[in-house]
Each structure stands twice: as structure tokens, then as C-alpha cells.
Amino acid sequence: MSLLRWVLDLLYPPLCPFCQRLLDRHAGEEFLCERCRGELPWLRGVRVSRVLEDGTACLSVLRYEGDAAQSIRRYKFSGRRMYAPCYGELLSRIAPAGELVSWMPLGPKRRRERGYNQAELMARELARRIVVPAVPLLDKPKDTQAQSGLDAQEARQANVSGAYRPLEGADCRGKRVLLVDDVVTTGSTLQEGCQVLREMGAEEVVCLTLARARES
């Protein structure tokens, strides 16, 4: 262990992002604890991948429940941006080959309130691990109602319809884009982003999320 890591661990004891237990670096607990490695609601095998209604593949690491859901809520709403390296590492384990990594943007009000875009932090950590450029491609000029407050898929689709546009100067023509978000539920938000990327000339878009709130 380097001196810098030792000092940082002393000042800011490393905690598991999921159960908040103190990590044992000497036992190889770099990002999450041994218990969570075995007990989190992992998606495995064919369950990792789901096909959205528009035909886009969406790969996810965990089911959105229990400690996984609580961890993501802390990350989004309680300023726990230090969880991003762990999340990026988990995404890298399921990421297919890609030429660009990008993320779903936040509206201006939510970005100001939160102080960061949780999907962007995860995407940048993922990109660093798989050695692919992390590039902002999408813009969300206006805020929409939170998708979590809407149940019907029709309402979710209507809420985000036309909400995204190409970021000025962004270019993904002929590229395979890995599009990152924190949680997928019905897939309406991601599908809107994918549609814009395809209109921008992306050859293919694959979605990656840390968690999946619904199986279908």
C-alpha cells in the first residue's frame, strides 16, 4: 500500500458503498466487502442483458433492491460521489467492446441541485478502466418530471419524449457508443437517448446501467 493511500484511508476510512462496512484493504477488499460480493442481488448469465422495446441491448449489473437500491439512492441524493469508482469497476466487468462511452444528461435544475451527474461520474470511471474515450454527446435543455414518480410506461415515454438533443459539436458518426445510466426501469429514458444518438449517426448503441428495477 502506498503512503498516500495509507494516509487517505486513515483520514477517510474506506467503506463498502453497499453495506457501509469498513473495507479491509489487506484482504483484497478494494471496492466492496467480501459479504457484498456474495450477497448483493447480482444479475448473472443471460439475465445481465435485456432488450429494450426499440431493440437496444441494455446490460445491468444488479437488481435494484435491498442494499443495491439504498446505495444508489445515497449516491444520487446524499452526495456520495465517492461511490463512482466502485460502480465504474462493476460496469467494466459487463461492458462489451465500444469506441465511445457517454451518459444520459441531467436537466439544468437537477444538475444544480445535485452538483454532479451521477451517470457521468460512472461513465468516466468505466471509460478509464476499458481505455475508451468518455465523451459528452447528449444535452437535456429542460427539466422533466422525475421518472420514478410515474408508473405507466406510456406516462414515462411521454415525459421524456423530445427531452434530449445532440450536444453542440458532439460527433459519434460511425461509432459504437456505450451509453451509461444508473438505473433502468421501463427503458423509456435510455431509448430516447439512443434515438438521438442514432440520428447523430452512431453505428450502434449499447446501454449499460448499474441496476435494473424491472425484469421486463
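Both backbone and side-chain heavy atoms feed into the values below; hydrogens, waters and symmetry mates do not.
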A.B. asks: Kindly indicate whether the side chain of Trp42, heavy atoms from C-beta on, has any atom under 4.5 Å from the side chain of Leu90.
C.D. replies: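 Of all side-chain heavy-atom pairs linking Leu90 with Trp42, at least one is under 4.5 Å.
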A.B. asks: Quick check: is Val101 connected to Leu167 through a chain of hydrophobic side chains (ILVMFWY, heavy atoms under 4.5 Å apart)?
C.D. replies: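 Hydrophobic grouping puts Leu167 apart from Val101.
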A.B. asks: So which heavy atom on Leu138 is nearest to which on Gly193, and how close?
C.D. replies: CD1-CA, 3.8 Å
A.B. asks: Would you call Val180 and Thr209 a side-chain contact if the rule is heavy atoms closer than 4.5 Å?
C.D. replies: no
A.B. asks: Of all residues at least two apart in sequence or in a different chain, which pass the salt bridge (Lys or Arg N to Asp or Glu O under 4.0 Å) check with Arg37?
C.D. replies: Glu34
A.B. asks: Closest approach of Ser71 and Pro17, non-hydrogen atoms and distance?
C.D. replies: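 Scanning both residues completely, I find the closest heavy atoms to be OG-O, 2.7 Å.
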A.B. asks: If you take all heavy atoms of Ala84 and Tyr75, which pair is closest and at what distance?
C.D. replies: CB-OH, 3.8 Å
A.B. asks: Distance from Ile94 atom CD1 to Ser49 atom OG, nearest 0.5 Å?
C.D. replies: 9.0 Å
A.B. asks: Test your reading of the model: is there a side-chain donor-acceptor pair from Glu29 to the backbone of Asp24, 3.5 Å cut-off?
C.D. replies: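 Looks like yes, one N/O pair under 3.5 Å.
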A.B. asks: What distance do Ser102 atom OG and Arg124 atom CZ have between them, rounded to the nearest 0.5 Å?
C.D. replies: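 If we round to the nearest 0.5 Å, Ser102:OG and Arg124:CZ are 9.0 Å apart.
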A.B. asks: Counting only N and O atoms by type, is there a donor-acceptor contact under 3.5 Å from the side chain of Glu125 to the main-chain atoms of Cys86?
C.D. replies: no
A.B. asks: From Arg21 CZ over to Cys16 SG, what is the distance, rounded to the nearest 0.5 angstrom?
C.D. replies: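 Separation between the atoms: 8.0 Å.
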A.B. asks: Does some side-chain heavy atom of Met122 sit less than 4.5 Å from a side-chain heavy atom of Leu91?
C.D. replies: yes
A.B. asks: Determine whether Val135 and Met104 fall in the same hydrophobic cluster, where Ile, Leu, Val, Met, Phe, Trp and Tyr are linked whenever their side-chain heavy atoms lie under 4.5 Å apart.
C.D. replies: yes
A.B. asks: Is any side-chain heavy atom of Arg73 closer than 4.5 Å to a side-chain heavy atom of Ser78?
C.D. replies: no
A.B. asks: Does Arg212 use its side chain to pair, donor to acceptor, with the backbone of Val48 at less than 3.5 Å?
C.D. replies: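 At least one qualifying donor-acceptor pair exists.
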A.B. asks: Could you walk me through whether Phe18 and Cys33 pass the side-chain contact (heavy atoms from CB on, under 4.5 Å) check?
C.D. replies: CA-CA 9 Å; Phe18 296 97; Cys33 71; over 6 Å; no
A.B. asks: Test side-chain contact (heavy atoms from CB on, under 4.5 Å) on Gln118 and Arg80 and set out the steps.
C.D. replies: CA-CA 9 Å; Gln118 75 279 354; Arg80 305 293 179 87; over 6 Å; no
A.B. asks: Got a donor-acceptor contact below 3.5 angstrom from the Asp67 side chain to the Ala69 backbone?
C.D. replies: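 Judged by distance alone, no pair lies under 3.5 Å.
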A.B. asks: With a 4.5 Å limit on heavy-atom distance, are the side chains of Pro96 and Leu208 in contact?
C.D. replies: yes
A.B. asks: Looking only at heavy atoms, which two atoms of Ala134 and Pro136 are closest? And how far apart?
C.D. replies: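 The answer is O-CD, 4.2 Å.
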A.B. asks: If I take atom CD from residue Gln20 and atom CG from residue Leu15, how far apart are they, to the nearest 0.5 angstrom?
C.D. replies: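 Gln20 CD to Leu15 CG: 7.0 Å, rounded to 0.5 Å.
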A.B. asks: Please enumerate all residues that pass side-chain hydrogen bond (donor to acceptor under 3.5 Å, both in side chains) together with Glu203, with sequence neighbours excluded.
C.D. replies: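 Glu203: no side-chain hydrogen bond (donor to acceptor under 3.5 Å, both in side chains) contacts found.
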A.B. asks: What pairs with Lys76 under side-chain hydrogen bond (donor to acceptor under 3.5 Å, both in side chains), at least two apart in sequence or on another chain?
C.D. replies: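 So Lys76 forms a side-chain hydrogen bond (donor to acceptor under 3.5 Å, both in side chains) with Asp182.
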A.B. asks: How long is the span from the CZ atom in Arg93 to the CG atom in Leu59, to the nearest 0.5 Å?
C.D. replies: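 The CG atom of Leu59 is 15.0 Å from CZ of Arg93, to the nearest 0.5 Å.
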A.B. asks: Evaluate the criterion side-chain contact (heavy atoms from CB on, under 4.5 Å) for residue pair Leu40 and Leu32; output intermediate values, then yes/no.
C.D. replies: CA-CA 10 Å; Leu40 284 175; Leu32 72 163; 3.9 Å; yes
A.B. asks: Going by heavy atoms in the side chains, are Val183 and Ile72 under 4.5 Å from each other?
C.D. replies: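 A side-chain contact under 4.5 Å exists here.
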A.B. asks: Taking side-chain hydrogen bond (donor to acceptor under 3.5 Å, both in side chains) as the criterion, tell me which of Arg198, Lys175, Arg176 meets it with Glu204.
C.D. replies: Arg176
A.B. asks: Just verifying a value: how many Å separate Arg50 CZ and Leu43 CG, rounded to the nearest 0.5 Å?
C.D. replies: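 Rounded to the nearest 0.5 Å, the CZ-CG separation comes to 11.0 Å.
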A.B. asks: Taking Met82 as the starting point, is it possible to reach Leu23 by hopping between hydrophobic residues whose side chains are less than 4.5 Å apart?
C.D. replies: no
A.B. asks: Where is the tightest heavy-atom contact between Arg129 and Pro85, given as atom of each residue plus distance?
C.D. replies: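 Shortest heavy-atom separation between Arg129 and Pro85 comes out as NH2-O, 3.4 Å.
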A.B. asks: Do Asp143 and Lys109 sit within salt-bridge range, that is, some charged N less than 4.0 Å from a carboxylate O?
C.D. replies: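 Here Asp143 does not pair with Lys109 in a salt bridge, since their nearest N and O are not under 4.0 Å apart.
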A.B. asks: Below 4.0 angstrom, N of the basic side chain to O of the carboxylate: do Glu120 and Arg111 qualify?
C.D. replies: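 Salt bridge between Glu120 and Arg111, a charged N being under 4.0 Å from a carboxylate O: yes.
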A.B. asks: With a 3.5 Å cut-off and no angle check, do the side chains of Gln195 and Glu199 form a donor-acceptor pair?
C.D. replies: yes
A.B. asks: Val184 and Leu190: side-chain contact (heavy atoms from CB on, under 4.5 Å), yes or no, with the steps?
C.D. replies: CA-CA 8 Å; Val184 58; Leu190 284 166; 3.9 Å; yes
A.B. asks: Can you give me the closest heavy-atom contact between Tyr164 and Pro105, atom names plus distance?
C.D. replies: CD2-CG, 3.7 Å
A.B. asks: I'd like to know if the side chain of Thr185 pairs up with that of Tyr64 as donor and acceptor (distance under 3.5 Å, no hydrogens or angles considered).
C.D. replies: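 Result is no, nothing qualifies.
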A.B. asks: Would you say that Glu192 contacts Ser188 through its side chain, given a criterion of any heavy-atom pair below 4.5 Å between the two side chains?
C.D. replies: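 Side chain of Glu192 against side chain of Ser188, heavy atoms only: no contact under 4.5 Å found.
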A.B. asks: Is there a path of hydrophobic side-chain contacts, each under 4.5 Å between heavy atoms of I, L, V, M, F, W or Y residues, that connects Leu179 with Leu106?
C.D. replies: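 No, Leu179 and Leu106 fall in different hydrophobic clusters.
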A.B. asks: Same cluster for Leu210 and Tyr116 if Ile/Leu/Val/Met/Phe/Trp/Tyr side chains link at under 4.5 Å?
C.D. replies: yes
A.B. asks: With distance as the sole criterion, is a donor-acceptor pair present between the side chains of Arg74 and Tyr83 under 3.5 Å?
C.D. replies: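 The criterion, which ignores hydrogens and geometry beyond distance, is satisfied for Tyr83 and Arg74.
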A.B. asks: So Pro166 and Asp139, do their side chains get closer than 4.5 Å, heavy atoms only?
C.D. replies: no
